Protein chains: 2
Amino acid sequence: MANIQQVAQKAGVSVATVSRVLNNHATVTPKTRLKVEQAINELNYEPSMLGRNLRNSESRLLLVLIPSISNPFYTEIIDGIEDTAIKNNYNILLCDTDSNPQRENIYFNLVKNKLADGIISMDPAVDMQKLIDLAEHHPIIQCSEYDENSCIPYVTIDNELAAYHAVKHLIKLGHEKIALINSDEKFLYARQRRQGYERALSEFNLPINKEWIYNTTQLEFEFGQQAMKKLLQSDEKPSAVFAVSDTLAIGALKEINSHGLLVPDDISVVGFDKISFSSMTNPTLTTVSQPMYRMGCTAASMLIDSIQGNKVESIVLNHELVIRESTMG
Amino acid sequence: MANIQQVAQKAGVSVATVSRVLNNHATVTPKTRLKVEQAINELNYEPSMLGRNLRNSESRLLLVLIPSISNPFYTEIIDGIEDTAIKNNYNILLCDTDSNPQRENIYFNLVKNKLADGIISMDPAVDMQKLIDLAEHHPIIQCSEYDENSCIPYVTIDNELAAYHAVKHLIKLGHEKIALINSDEKFLYARQRRQGYERALSEFNLPINKEWIYNTTQLEFEFGQQAMKKLLQSDEKPSAVFAVSDTLAIGALKEINSHGLLVPDDISVVGFDKISFSSMTNPTLTTVSQPMYRMGCTAASMLIDSIQGNKVESIVLNHELVIRESTMG
DNA sequence: CTGAAAGCGCTAACAC
DNA sequence: GTGTTAGCGCTTTCAG
């Protein structure tokens, strides 16, 4: 692969001039510019980002940390991030951390080592202390998941309010025995959604029954099934279930089905995230929709802003309750 | 951020010695090594990959091209790639091409520009000519999808045989009216799977009915629904459906359901890929399982081999038919 | 408007 | 064992 030297030689100019042509520095005669462009074409030359980045100490690469590529929730957010990044002449690097600290470390090092300019973290299981340390010297944005105590900017929705709305919807339908399938409450969003759940119940003077609250360790379908199985064993069966993730809700749906019960006639179900599969279930799933694409765009804009040395403020976006068959008695 | 110079100065040695310590070149006195390590710690020094890569002209980054992060089929493959890459001290960069040639270009440039050492392409819609051109100077492996005429090495399964097995399974169950929901036959796997479908029918002297063959333009659920809708309108309704992707099969399932028909009693359904959702549907889906994790591992090994200058041979792995409720009359 | 030259951070010959 | 130095490919002063 040719380098800038060879192009310069072929064009009969200096490397500086070639560089000027490459970077559109207006101060080049059309004639020399033409010569250089010809040489570039003939040699099939492509500038090396490595040299450029080393010189400019920037990589124009953004890291996006996701716990697992298999969670469909992230799909649209990433589209938003990617579109915005490309628009600003950045590229993104998807980092599947698997919630594994060792992998996490690798990606953090990419930033420390100047191979990436900043990070958008969407991993709820991220090592917060390390992220905070990194944020001292490098631009970092949290997306969807965040830490309220750190001063790392974030973009998210109001999880408490969203959960409140979901549960209130069930109450308005006449449900009084509403179960909660929550994920691990070490995650902030899990704690917030539980608060919303409890607030809705309290507001309508419904008791909070511990037997109807189940915490899963993970978000895969199977954990939703397991949770539902347990809930169906309780002394008094709930008549509705709010799951903090569509994947869990879909698992619950499956379990309810396999017990010969009907949704929503016997039990109503509400999920969270509006993943694409949620309209393929039978019945289709009522769920809380986050503005995922916009969330991604916002996070990317914030990160790029931050890279360019600007101060950025955290943002809370609006959610929306999507009512479908699983709550349409 | 400190650089190697400052470390050398602080430790009272030369940069070469620091470099030796960093790269574990045994020829360093324990005493000096200690001094250097101390300086590294005090300065919080992290070597810059940019400098290192420029010097070594390698990035130890592998590009993985996927058409869309939302297709669950790729999840496990990527796990395999990632594990193997990390084991060999490489990192991977997930590239969501969206089957958009412009994005594709960006990623190709990363390789040309030495920011990545090689590519694993899983995008069936990739611009083959460009890929072939790139492969002349850069290590490239095709995974799952491939071009039979290029000499780019690939790892895949025998799609024709897999489809043959799936359809034969339906025939053995007594089905004679078997529909095919295929994707766009500009893709090799689509052509191969159709061949397998036709071979099975021919072998049992079943006619090939054009009305029962439907080609979708995309793989999302909705396209499976649409296809099934069309098939249910045909003069003679099929009694079984083979879809070349689980996502399509799930869409078909949904459509059959919403017509008040039962699977498998009225219509049996077979999918392809064994994505995680396929066990969450009602009924669970019979499907063809590819050894995805191993496929990913293999692709990564081949790529790394290729980067290290070795010749690599294409590999065909075995598939497996997973029989579940959707064909258990 | 263009060229010469320094230097980004690092590694590997080559000396000593 | 360790230091000196050239150079990876590029951009950007500074002169002219």
Side-chain angles (χ1 to χ4, degrees), chain A residues 1-40 43-61 89 109-117 137, chain B residues 1-40 43-61 89 109-117 137:
Chain A
M1 181 114 308
N3 63 19
I4 201 172
Q5 299 270 14
Q6 298 170 272
V7 175
Q9 196 167 9
K10 178 145 216 141
V13 298
S14 74
V15 290
T17 303
V18 178
S19 174
R20 287 190 189 100
V21 171
L22 291 173
N23 296 284
N24 282 317
H25 287 216
T27 65
V28 187
T29 319
K31 213 168 82 183
T32 40
R33 158 164 274 126
L34 208 71
K35 275 197 301 187
V36 172
E37 276 163 356
Q38 239 160 32
I40 288 177
L43 290 173
N44 232 311
Y45 166 74
E46 305 263 357
S48 155
M49 288 197 184
L50 242 32
R52 178 176 292 174
N53 293 347
L54 178 58
R55 175 65 215 218
N56 297 346
S57 56
E58 68 163 11
S59 65
R60 300 203 81 84
L61 238 41
N89 206 18
N109 280 332
L110 288 182
V111 176
K112 288 190 194 164
N113 297 343
K114 302 299 231 163
L115 231 74
D117 293 345
H137 297 292
Chain B
M1 183 117 304
N3 64 18
I4 201 172
Q5 298 271 16
Q6 299 171 272
V7 175
Q9 196 167 8
K10 177 144 214 141
V13 299
S14 74
V15 290
T17 304
V18 178
S19 175
R20 287 190 189 101
V21 171
L22 292 173
N23 296 284
N24 281 317
H25 287 216
T27 65
V28 186
T29 320
K31 215 168 79 182
T32 41
R33 158 162 274 126
L34 208 72
K35 273 197 302 187
V36 173
E37 277 163 355
Q38 242 161 27
I40 288 176
L43 291 172
N44 233 312
Y45 166 75
E46 305 263 358
S48 154
M49 286 197 184
L50 243 32
R52 177 175 292 173
N53 293 348
L54 178 59
R55 175 64 216 218
N56 295 347
S57 55
E58 67 163 13
S59 65
R60 300 202 83 83
L61 237 38
N89 205 16
N109 280 333
L110 289 183
V111 177
K112 288 189 191 161
N113 296 343
K114 303 299 231 160
L115 230 75
D117 293 346
H137 297 292

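Just so you know, these numbers come straight off a predicted model, no measurement behind them. Residue numbers start from 1 in every chain, and the chains themselves are labelled A, B, ... in the order their sequence lines are given, proteins ahead of strands. Scope of the values below: all heavy atoms of this structure, side chains included, with no hydrogens, waters or symmetry mates.
Taking atom CZ of residue B:Arg55 and atom C1' of nucleotide C:dA13, one finds them 9 Å apart after rounding to whole Å. As a whole-Å value, the separation of A:Arg60 CZ from D:dC10 P is 17 Å. Following rounding to the nearest Å, A:Leu54 (CG) and C:dT11 (P) show an atom-to-atom distance of 12 Å. Taking atom CD of residue A:Gln9 and atom P of nucleotide D:dG9, one finds them 14 Å apart after rounding to whole Å. Rounded to a whole Å, the CD1 atom of A:Ile40 is 13 Å from the C1' atom of D:dC10. Here the P atom of nucleotide D:dT5 and the CD atom of B:Gln5 are 13 Å apart, to the nearest Å. Distance, A:Lys35 NZ to C:dC1 P: 14 Å, rounded to whole Å. A:Asn53 has its CG atom 18 Å from the P atom of D:dC8, to the nearest Å.
Counting heavy atoms from C-beta on, the side chains of B:Val21 and B:Lys35 never come closer than 4.5 Å. Inter-residue side-chain proximity for B:Val7 and B:Lys10 is flagged as unmet; no heavy-atom pair is nearer than 4.5 Å.
Note on B:Arg52: a side-chain N or O is less than 4.0 Å away from OP1 or OP2 of C:dT11. In terms of phosphate contacts, B:Thr29 brings a side-chain nitrogen or oxygen within less than 4.0 Å of OP1 or OP2 of D:dT2. Between A:Ser48 and D:dG9 there is no side-chain polar atom (N or O) within less than 4.0 angstrom of OP1 or OP2. For the pair B:Thr32 and D:dG1, the criterion of a side-chain N or O lying under 4.0 Å from OP1 or OP2 is not met. Under 4.0 angstrom from either OP1 or OP2 of C:dC8 there lies no side-chain N or O belonging to A:Asn56. Within the structure, every side-chain polar atom (N or O) of A:Ser14 is placed at least 4.0 Å from both OP1 and OP2 of C:dA4.
Here the CZ-OG1 distance, from B:Arg20 to B:Thr27, works out to 5.5 Å after rounding to the nearest 0.5 Å. The distance from the CD1 atom of A:Ile4 to the OG atom of A:Ser19 is 5.0 Å, given to the nearest 0.5 Å.
Each of A:His25 and A:Asn3 was assigned the nucleotide of DNA chain D with the nearest heavy atom; the assignment lying further toward the 5' end belongs to A:Asn3.
Residue contacts shown for A:Val13 are limited to sugar-phosphate atoms, with no base heavy atom under 4.0 Å away. Heavy atoms of B:Leu50 sit nowhere under 4.0 angstrom from any nucleic acid atom. Counting non-hydrogen atoms under 4.0 angstrom, B:Thr27 reaches a base of the nucleic acid. Residue contacts shown for A:Val28 are limited to sugar-phosphate atoms, with no base heavy atom under 4.0 Å away. B:Ser57 comes within 4.0 angstrom of no nucleic acid atom, judged by non-hydrogen atoms across all strands. B:Asn23 comes within 4.0 angstrom of sugar-phosphate atoms only, judged by non-hydrogen atoms across all strands, and of no base.
Counted within 6.0 Å of CD on A:Gln9, heavy atoms from surrounding residues, nucleotides or ligands total 12 or fewer; the atom is thus considered open. The neighbour count for B:Glu37 CD, taken as heavy atoms of other residues, nucleotides or ligands under 6.0 Å away, is above 12.
Comparing C:dA13, D:dC10, D:dC14 against the side chain of A:Arg20 picks out D:dC14 as the nearest.
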